[in-house]
Protein chains: 2
Amino acid sequence: MGRPIRTRRQATLASLAAELGVSRTTVSNAYNRPDQLSPELRKRVLDTARKLGYPGPDPVARSLRTRKAGAIGLLLTENLSYAFRDPAALGVLEGLALACEDAGVGVQLVPARPGEEDVATVHRAGVDGFVVYSVPDDDPHLNAVLQRPVPTVIIDQPVLSGVDRVGPDDAAAMTTLAYHLIGLGHREIGVLCMRLSRDRNDGFSSRERQEKAHYHVQRTRLTTLAQSFEAVGVDWSTVPVVERFEHTVEDGASAARQMLDSNPQVTALICTSDILALGALDEAKRRGLRVPADISITGFDGISDAERAELTTVYQPVRDKGRSAGNLVLDPTRRGTGNPVTQQVITLETELRIGKTSAPPRTAEQHWFGP
Amino acid sequence: MGRPIRTRRQATLASLAAELGVSRTTVSNAYNRPDQLSPELRKRVLDTARKLGYPGPDPVARSLRTRKAGAIGLLLTENLSYAFRDPAALGVLEGLALACEDAGVGVQLVPARPGEEDVATVHRAGVDGFVVYSVPDDDPHLNAVLQRPVPTVIIDQPVLSGVDRVGPDDAAAMTTLAYHLIGLGHREIGVLCMRLSRDRNDGFSSRERQEKAHYHVQRTRLTTLAQSFEAVGVDWSTVPVVERFEHTVEDGASAARQMLDSNPQVTALICTSDILALGALDEAKRRGLRVPADISITGFDGISDAERAELTTVYQPVRDKGRSAGNLVLDPTRRGTGNPVTQQVITLETELRIGKTSAPPRTAEQHWFGP
DNA sequence: ACCCTGAACCGTAACGGTTCAGAAGGAGAT
DNA sequence: ATCTCCTTCTGAACCGTTACGGTTCAGGGT
C-alpha cells in the first residue's frame, strides 16, 4: 500500500484551492467546518486533496493563526532516567498526561539537562503553557519559562508571586510525622535525605547546607523536622543527616549503612523519601536489626512499594498533583500570565500512614524495668 | 519580582523593530545570529526588548518559517495509566526521551484514547516526526500518522512497506524460549497472555482468536509458541491459553489461578510478559507449589523486577528500542517519508535468561522410580 | 413585483517570524 | 584616486493557515 509519492513540492491549501478553482477559505472549511459548504463540494475537495497528496492543513501554520499549539510543556530539570525511575515523578507525569488527554492536548517533555545553561529549548517549545516540576530554585530554565507569555504552574516549589502553584503542605505533613515519632518517644534520630543542591555530596550534611538547599522540598522537610525536634529539646546540630545525590533504593541502603556505622545509637531513621526508606529497610535487615523493635524507619510520599512494605510514611496524592497542575494550566478562564490577582495556590491533602515500621524505642527505662 | 505587566497587545518582533528604528531582520539577528550585528546594537535591542516585555521570537511562527517544530510525537494508543505502569513501555519512553534530549528536541505525548475514532489530535500535533508504539494493527490513529508527511518509526509492529521499524525478533526469541522448555522435557504447558484485541476477553482464548489478534507482538509470540510445540508433537488445540485484558501482577495471578484450577496437569506456565509471570509466581506460592520443582514459570521482556525474582525470561533491550527509534526518526539524512528505497528495519538482540523458575518437569518416569 | 432570509462561497488581512540578495559606508590595498 | 573587501544593516519575499466581513444567489412569503 504505497503512500503518494512526494512531489517536488508539498501541496498546500492554496495550491489545492487553485487546482479546484475555489477559495482557500472553502478548502479550509472543508476540513474545519463541514457545515459551511455543500457535501458535494466538500467531497470534491477531499478527493482532490487525496489525489494531490495534500495531507490536510499544516499544524504549525494553523497554530500560528489560531494561537494555540495544542500542547503543554513539562519542564523537568532532572536526569530523565532518574525521573522515569522515581514513582513520585511518574505519578505526577501520569496525572498531568491524563488531565491533558481529557482536554485533547499533548504533553511535551521539554529537553532541559540539569547542568545546561542553554535555555533555548525552552524558548523554542511551541506550547500553550508550562508545568514545572522538580527543579532547583535557581534553575535558569525556570526563569526562561517565567519569561514566556503563557500560563505556568509550578509543582512543589516555593510560592512565586504571580505564579500558580500546586503542592502539598510539606511542612505540616512533616510536622505530623515528626510528632508521631516524638510521641513514640524517639529522641535519638538520624535523617536520610535526597540531594540538596546541584553539587554532589554523598555523606553527612551540615546544618548550613541543609538550610541553603536549592531543592525546596528537601529544604522544607529538613527544616521542619529540625523545628519539631528542637521544640522537644533535641539539639539539631547533634542530629546526623546523610545526603545522597542519587535517588535509588541502593543509595538509601548505603546511606543507612553510613548512618548506622557511625551513629549506632539512633532509634529512628527518618527518610525524606520512600525510596530511601526502602533502602534503609534493606540495610536494617542485612544488619539483623528488627524493624520496628530495634529501629523505626519512616519514609515520605506514599508510593505503592511503600504500602507493600507497610512502611510508616506520609502519603501524598502524586497523581492529583499532576492532574491539578494540568487542569490549572489549561483553565481557559485563566489565560494570561503573571496576574497576581488571580494567582492560585492549590494545597493538596497529605495523610500520615502509620505502618509497621515505627514503634517506641527500646529506651533506657525499658531496660531498667525489663526482664 | 514582578514580571512586566502585560500590555494590551503583546510586543512582536516588528513592533520592537519599529520602536528601535531598525529593520526586523536586525532584531531577528539579535536573537539568532549575534555575529551579524554590532555588540552595541545588539545590547540596545535586547534592552529595549526587556523594557517592552518582548519575550523573544514566537516559537510557532519560527517553526512555520523554519519548518521545524523541535519535537517528536509519540503515539501510544493505550490507556496512559497503563503505559505508565508497564516497565517495558516506560523503558521505551525513557530511551526515546534520552535520544531526543541529546538532539535538543522535545517528545510530545500525542493524546489518543484507545477507542477514540477522532484522529484530529494526530493531525494537529506540531511535530517533526512520529514514533508509534504499542498500537493495534488497525488503529485509525496509526493510519493518520502515516498520512502525515513526516518521518515515522514504528516499534514492535509488523513491517509496513516504506515505514521504518525497530523491534526485536520476537519469533526467534520465543522459539529459543520454547526450545528451552522443550529441552527440559515439558509437553504439558499452559500459556498466559496479554490482551489480544480491543474487545475484552478475560479467560480462555480460542486458537482462532489467537491467530486473529490485533496486537502484533502477542500474536507473534503465540503463533511462534504454537509452531515450536507442534514441531515436537504437541497438539496446540489442546494447549490452554488464558488471556487478560489488564496487564498487572494481580491479573497475572488470577490468570494463573484460572489456568491451574482447570488444568492442574500443566508442568510449565509460559507467560507472554514478565508482569504476568510475576503474578503467576505469586499464585504458585499461594497454592504451595514449589517453583521450579512443581511447576516452571517463564516470562518475557526482562524487566528489573523479573531479574530480582530470578525469573526465566527473554530479555529485550527496551531502552534501546526507544533510543534507536529516536535516532532513526531524527536522522537528518533520512528526511522525508515513505521512501521504500531507504526503509530501515532495525532488529534488536534478545537474550534468553535462564533463572531459577524453570527446571525439568516431574515426569511420570520420575514418579515411577522415585522414592 | 417586492423584500427578506439563509446557505454557500470569496478576498483580504493578519499571524510573527526567517532568509537572502544586496545597499551603504568605511578601511585598507594598489 | 580607484578598487576591493568587509561589516553592518535593510527590503521584500515567503512560510501555510484561519478570522473576518463581506457578496451572491435561489427561494419563500406577501
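Each chain gets a letter, A, B and so on, in the order the sequences are listed, and its residues count up from 1.
Of all nucleotides listed (dC15(D), dT17(D), dC9(D)), dC15(D) comes nearest to the side chain of R65(B). Checking dT8(D), dT18(C), dG16(C) against every side-chain atom of L64(A), the shortest atom distance belongs to dG16(C). The side chain of N32(A) lies closest to dT18(D), out of dT18(C), dT17(D), dT18(D).
Across the protein-nucleic acid pair, E40(A) atom CD and dC9(C) atom P stand 9 Å apart, rounded to whole Å. Between the CZ atom of R33(A) and the P atom of dA8(C) there is a distance of 14 Å, rounded to whole Å. dT18(D) atom C1' lies 11 Å from atom CZ of R124(B), rounded to whole Å. Taking atom CZ of residue R44(B) and atom P of nucleotide dT8(D), one finds them 15 Å apart after rounding to whole Å. Going from atom CG of D58(B) over to atom P of dC15(D) covers 19 Å, rounded to whole Å. For the pair D35(B) CG and dC6(D) P, the interatomic distance rounds to 15 Å; values are reported in whole Å. One atom, OH of Y31(B), and another, P of dG16(C), lie 15 Å apart when rounded to the nearest Å. One atom, CG of L13(A), and another, C1' of dT12(C), lie 15 Å apart when rounded to the nearest Å.
Contact annotation: S38(B) side-chain N/O to dC9(D) OP1/OP2 distance is under 4.0 Å. Y54(B) has a side-chain polar atom (N or O) that falls below the 4.0 Å cut-off from OP1 or OP2 of dG17(C).
A heavy atom closer than 4.0 Å to some atom of DNA chain C occurs in G21(A), V22(A), S23(A), R24(A), T25(A), T26(A), these being the qualifying members of residues 20-30 of chain A.
Axis angle across the helix from dA1(C)-dT30(D) to dT30(C)-dA1(D), with five pairs used at each end and values rounded to 10°: 40°.
A salt bridge does not link R44(B) with D47(B): none of the charged nitrogens is closer than 4.0 Å to a carboxylate oxygen.
Partners of E94(B) by side chain to side chain contact (heavy atoms under 4.5 Å, CB included), not counting sequence neighbours, listed by chain and number: S81(A), F84(A), R85(A), L98(B), R319(B). With sequence neighbours left out, R323(B) forms a salt bridge (Lys or Arg N to Asp or Glu O under 4.0 Å) with D102(B). Residues meeting the side chain to side chain contact (heavy atoms under 4.5 Å, CB included) test with V119(B), sequence neighbours left out: H123(B), P140(B), H141(B), A144(B). D138(B) is linked by a salt bridge (Lys or Arg N to Asp or Glu O under 4.0 Å) to R198(B), counting only residues two or more places apart in sequence or in another chain. With sequence neighbours excluded, no residue forms a side chain to side chain contact (heavy atoms under 4.5 Å, CB included) with A18(A).
Residue L37(B) is classed as a sugar-phosphate contact, given heavy-atom separations below 4.0 Å to backbone atoms only. If you check every strand for non-hydrogen atoms under 4.0 Å, R42(A) touches nothing.
The side-chain heavy atoms of V92(A) and D156(A), taken from C-beta on, include no pair separated by under 4.5 Å. A 4.5 Å side-chain heavy-atom check between V60(A) and V60(B) finds at least one atom pair inside the cut-off.
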Return all side-chain donor-acceptor pairs below 3.5 angstrom for residues 26-33 of chain A, not counting sequence neighbours, or 'none' if the list is empty.
residue, atom, partner, partner atom, Å
T26(A), OG1, S23(A), OG, 3.1
S28(A), OG, N32(A), ND2, 3.3
N29(A), ND2, T25(A), O, 3.4
N32(A), OD1, R62(A), NH2, 2.7
N32(A), ND2, S28(A), O, 3.3

Can I get a per-line list of side-chain donor-acceptor pairs under 3.5 Å for residues 104-111 of chain A, giving both atom names and the distance, sequence neighbours left out?
none

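For dC15(C), the base has no donor-acceptor partner in the side chain of R67(A) [N/O atoms by modelled type, under 3.5 angstrom].
Taking for each of R62(A) and A61(B) the nucleotide of DNA chain D with the nearest heavy atom, the 5'-most of the two is the partner of A61(B).
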